[in-house]
Amino acid sequence: MDKKKEILNPAGIPEKFLKPYDPKDTEDRIYGLWEKSGYFNPDNCVENGKTDKDAKPFTIIMPPTNANGSLHAGHGLVMTIEDIMTRFNRMRGRRTLWLPGLDHAGFETWVVYEKKLEKEGRSRFDIERKQLYQEIMDFTLTNSSNIKSQIRKMGASCDWSREKFTLDPEIVKTVYGTFQKLSDDGLLYRGKRLVSWCPKHQTSFADIEIKDEERTEPYYYIKYGPFTISTSRPETKFGDKYVVMHPEDKRYLDFKDGQKIDLEWINGPITATVIKDSVIDMEFGTGVMTITPWHDAVDFDIAERHHLDKEQIIDERGKLLPIAGEFAGMHITKARPLIIEKLRSKGLIEKVEEKYTHVVHTCYKCGTIIEPQIQSQWFVKMKPLAEKALKKINGGEVEYIPEHYKKITTHWLENLIDWNISRQIVWGIPIPAKICDACDTGYVDLENKITKCEKCKGDVRQDNDTFDTWFSSGQWPYATLGYPDGKDFKTFYPTNVMETAGDIFHWVARMIMLSLYRTNVLPFKTVYMHGMVLDGKGQKMSKSKGNVINPLDLTAKYGTDAFRIGLVIGNTPGTSLALSEDKISTYKKFANKLWNITRFVLESTSEEKLKISNNKSEIDDLKADDLVAADVTHLKTLTDLMKEITGEMEEYKFYLVADKLYHYAWHEFADKILEESKKVFSEGDEKSKRSRAMFLQYALRTILKSLHPFMPYVTEEIWQLMNSGYTKGASTLLMVEKWPNSSR
RNA sequence: GCGCGGUUAGCUCAGUUGGUAGAGCAUCCCCUUGACGUGGGGAGGGUCAGGGGUUCGAAUCCCUUACCGCGCACCA
C-alpha cells in the first residue's frame, strides 16, 4: 500500500472502496442476494416482520412480455419504472406485489415460428395441429428463460414465485369463463362480417396489426353504363352490380333508387341496380361508385343497409374466383394489368391518372395488402362494455398519467365497433366452440359435449380458431390473481397501477372493459403511460434503419443503475425519450460518485478517529438536539428534501425525484457539505466533529435509501459493505429498509 | 375530416396552483486542494415558434396561424 492510500485508509474501510465501483462484479451477486432473501414475495415480508400484517397492499401487474422476445429499450423503461414503484412502496411498508408475466404473443410468435419452419423446409400445412401447437410451446418455453434472465438483469424486484404465462391452465380457464359469460349475456355472436385478412398469413387481424402505407398507383376511370366510376383496384370489380350515388346529387336525379340498368361490363352484359345512399361524397371522383361488399368496409355497410347481395370475388389466398371468368384462378396482382387491357380493348377505360397517392392497409409483418373478407367469426358486442368503462373513466375513477391519455382513450371507446376475437392461427388459446358448417352456426362449448347442430341437426366440428391475443391479455389483471376465489385476488385486487406503453392504450381500455364486466370493479386506480424510447438522435429504432440500441449492451458498459436512472431523469410520462449514450455515461459517473462519497464518509467518521457511536438506531433516529447549529441546518435541508420527494414519488414524478436526489447527493452533499467537513474534522472542536460525523452517516444512509428505487445495485452494495464490513449491527437488506422519515 | 400532443440555451429536455427562465451534455477559462480527474471552481449562451387577448404581471390561462409527431375514421 502506498503512502497516499495509507493516509486515506487509516481505519481499514472495506478494500473495495479503494477501487472504483464495478457494476460487473456487483450486479448478479446482489440480485442473487435479493432473490435468496425471498423479499420479492410480499408474504415473506409480512412473515419476517419487514411489512406490517395489516399493511395496505400495493400491486402492479407487469404487462406480459413476449416469451420469445429479447429485452428491448422499451422493456428497459418498463422494468425500470415499475421497479421504482415497487421498491418505493415496499420501503414505505406497503404489502407490495409486482407480478411478472409472459405472453405467448400469438401472432408475433407464429410469424417467428413460421419463418423457422420455412428455413427447415417444412410447411405448417403439413403438420398436424396438435403437434404444431406442441412444437411452438416447446420453442416458446425454451426461449422464455432468456427474457426472464434479462428482466432480472434490469434489477426487477418482481415476485417470480407468482409468475404467470398467458397459456397457463388457470388463465385459460378464466378466459373461457369470460367467453361463456359473454355468450350467456348475449354479448357474443358468431356473424358473417368483414374482417381484415392477410392473404399471406391466412388470418384475420386486429387493428394494431395493420400498418398504413402510402402508395402511388394508377387510378382508373371506367365507364359503367351511363356512369363513370373510378377505382385503383379494378380487379375487385367483377361482381359489381350495384351503382351508388347520393340521393341529392343533382347530376343523377334522373336515376331512381332501385332502377335497373343494362350495361356492358368486363366479362359481358350485366344488369345493374341504382342505389341511393347519403354516405356518398358528391365531391369525390364522379360522385358515383359501384360496390364490392365482400371486400370493402364501406361497401359492406351499404349492402347491409339496403339488404343487397354480397359476393366473394377474391379467395383467401388472393386469387380470383370463378366469377372473374377468364381471369379465375389468377392472383390479383397478376390479373390487374390484364383486366385493364381487356377494359381498354372494350373501350371502357375513360382515363387513367398515372400517379394517384393513397393509403393502403398492409400486414405489419409481411407488407402484404390486407384483403378484407367476409367471414364467419366470433364477435363481441362492444357498446355495452364500452359504456360501462366510459362512465367510470369520465367519472374520474381512473387516474391517467399523463392526463391526455384519458381523452385519447375515451375517444377510442366512443367509436368502438364490434370486436372480432377469432384468429386463424394454431398458436393461441383455442376457442372452445363447435361450428356447424352446414348452417353456419356456432356454439360455445366449454365442456366439449355438443355433437349435433340444434338448428339443422347436422354434425358439428371443433372451431379451429384461437382467441385474439388481446382478448386474453385484456383479462390479465384479474386472471393473474386467480379470479374469483384466489387468495391473491382477494388481497391484491384491484391493483394500483397499470404501467405500460402509451401506444397500447387500447389494451388498457380493454382491461378496464373486461375487468368491469367480470369483476364489477375497476382493475386499477392509476394508468401510467410511458412514451417511446428512441435512438440517440430521436429517431424511431428499427432493424431496417440499423439504429436499434440493445439495453443489455448499455448495462454491460455503464452498469444497470446508470442505465436505469438515465432512462428516468428528464423523461416525463407519455413523452418519447431519446436514449443517448452520453447521458447514461454521466450516471455511471454518478454511481462512482456515490461510491467515493461513502468512502469519504466512512473514512472521516471512523470510530477510531472520532469516537462516534455506530449504533444504527442512534444514527437513524438522529435528532436536531444531538447536533450543532450548522448540522441542524443541513439536517433540515435534507429532511425538507425527503418530504418533497416523497410527495413527488406518490405523484409518480420520478423524473423530478431522481434529478433532485442526483443534485443533492452530488452538488449539495458532496460538493458543499463534504468539502466543508474537511475543515470541521481538522480544525473543529470535539462536539462539532461528533455532530458532523453523525450527520454525515445519517445523510449518507438517507441518500442510499432514497436512491435505492432508482439505482438498486450500487446502493445495496454500499449498504452491505457499510453494515458488514465497517459499522457494526446486523446486516440487513437496503431493499427492505424503511423509506426515509419525512415527517420530522 | 375528427381527436390528442409538441414547438424553451448548440443538442436532449425540465419548468408543479401565472410572480425577474433551469438541468444534463457540449463549448470556453482556471485548479496535480490528502473521497472521487468517472474530480473541483467559474463563464458564455434563450425577445420560451409567430400573432392577438385576459392580467398589475404570461413559457404558464384563452383565441389564432405555422410547422412537427401521434391516434381514429375515410380514401369508391
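Proteins get letters first, then strands, A, B, ... in listed order; numbering begins at 1 in each.
- In this structure, A/E235 pairs ionically with A/R336, as a charged nitrogen and a carboxylate oxygen lie closer than 4.0 Å.
- Taking the P atom of each, B/G22 and B/G42 are spaced 16 Å apart, rounded to whole Å.
- Spacing between B/G18 and B/C25 at atom C1', rounded to whole Å, works out to 31 Å.
- Contact check on A/E217 versus A/R233 returns no salt bridge, with no Lys/Arg side-chain nitrogen under 4.0 Å from an Asp/Glu carboxylate oxygen.
- Along RNA chain B, the nucleotide closest to A/I569 and the one closest to A/F600 are compared, and the more 5′ of them pairs with A/I569.
- Using bins of under 30°, 30° to 60° and over 60° for the plane-to-plane angle, the ring pair A/W412/A/H506 lands in the tilted bin.
- If you check every strand for non-hydrogen atoms under 4.0 Å, A/F590 touches nothing.
- Using a cutoff of 4.0 Å between basic side-chain nitrogens and carboxylate oxygens, A/D631 and A/R692 are scored as salt-bridged.
- When the C1' atom is used for both B/U33 and B/G39, the distance is 11 Å, rounded to whole Å.
- Closest contact between the side chain of A/K593 and the listed nucleotides B/A14, B/U38, B/G39 involves B/G39.
- Across all strands, A/A591 comes closer than 4.0 Å to no nucleic acid atom at all (heavy-atom distances).
- For a distance-only test at 3.5 Å, the side chain of A/K407 fails to qualify as a donor-acceptor partner of the base of B/C4.
- Straight-line distance between the P atoms of B/C74 and B/U55: roughly 46 Å, to the nearest whole Å.
- Taking only side-chain atoms of A/D671, from C-beta outward, the nucleotide of B/G15, B/G40, B/A35 with the closest atom is B/G40.
- The same atom, C1', is picked in B/U47 and in B/A35; the two are 45 Å apart, to the nearest Å.
- Side-chain N/O atoms of A/T410 include none lying less than 4.0 angstrom from OP1 or OP2 on B/C4.
- Ring pair A/F654/A/F88: centre-to-centre distance not below 6.0 Å.
- For B/G15, the OP1/OP2 oxygens have a side-chain nitrogen or oxygen of A/Y655 closer than 4.0 Å.
- Residues A/E675 and A/K678 are paired through a salt bridge, judged by an N-O separation under 4.0 Å between the basic side chain and the carboxylate.
- When each of A/E675 and A/I417 is assigned the nucleotide of RNA chain B bearing its nearest heavy atom, the one mapping closer to the 5' terminus is A/E675.
- Residue A/W666 places at least one side-chain N or O under 4.0 Å from the OP1 or OP2 atom of B/G40.
- Residue contacts for A/S232: at a heavy-atom cut-off of 4.0 Å it reaches the sugar-phosphate backbone alone, with no base atom in range.
- Because its NZ or CZ atom is not both nearer than 6.0 Å to the ring centre of A/F710 and within 45° of the ring axis, A/R564 does not count as a cation-pi partner of that residue.
- Among the heavy atoms of the strands, none lies under 4.0 Å from A/I291.
- For B/A43 and B/U38, the C1' atoms lie 23 Å apart once the distance is rounded to whole Å.
- The side chain of A/K678 places an N or O atom within less than 4.0 Å of a non-bridging phosphate oxygen (OP1 or OP2) of B/A35.
- When the C1' atom of B/G6 is taken as reference, atom CG of A/L534 falls 13 Å away, rounded to whole Å.
- Distances from the side chain of A/N596 to the nucleotides B/C74, B/A14, B/C36 place B/C36 closest.
- In this structure, A/K643 does not pair ionically with A/D640, as no charged nitrogen and carboxylate oxygen lie closer than 4.0 Å.
- The side chain of A/T575 has B/A14 as its nearest neighbour among B/U12, B/A14, B/C36.
- Out of B/A35, B/C75, B/C2, the shortest distance to the side chain of A/H411 is found at B/C2.
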Between the protein and nucleotides 23-27 of chain B, list the N/O to N/O atom pairs that are separated by less than 3.5 angstrom.
{"from": "B/A23", "atom 1": "O2'", "to": "A/H663", "atom 2": "NE2", "distance (Å)": "3.2"}
{"from": "B/C25", "atom 1": "O2'", "to": "A/D582", "atom 2": "OD2", "distance (Å)": "3.2"}

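- Contact check on A/K406 versus A/E399 returns no salt bridge, with no Lys/Arg side-chain nitrogen under 4.0 Å from an Asp/Glu carboxylate oxygen.
- Using atom C1' as the reference point in both B/G46 and B/G53, the two lie 25 Å apart (nearest Å).
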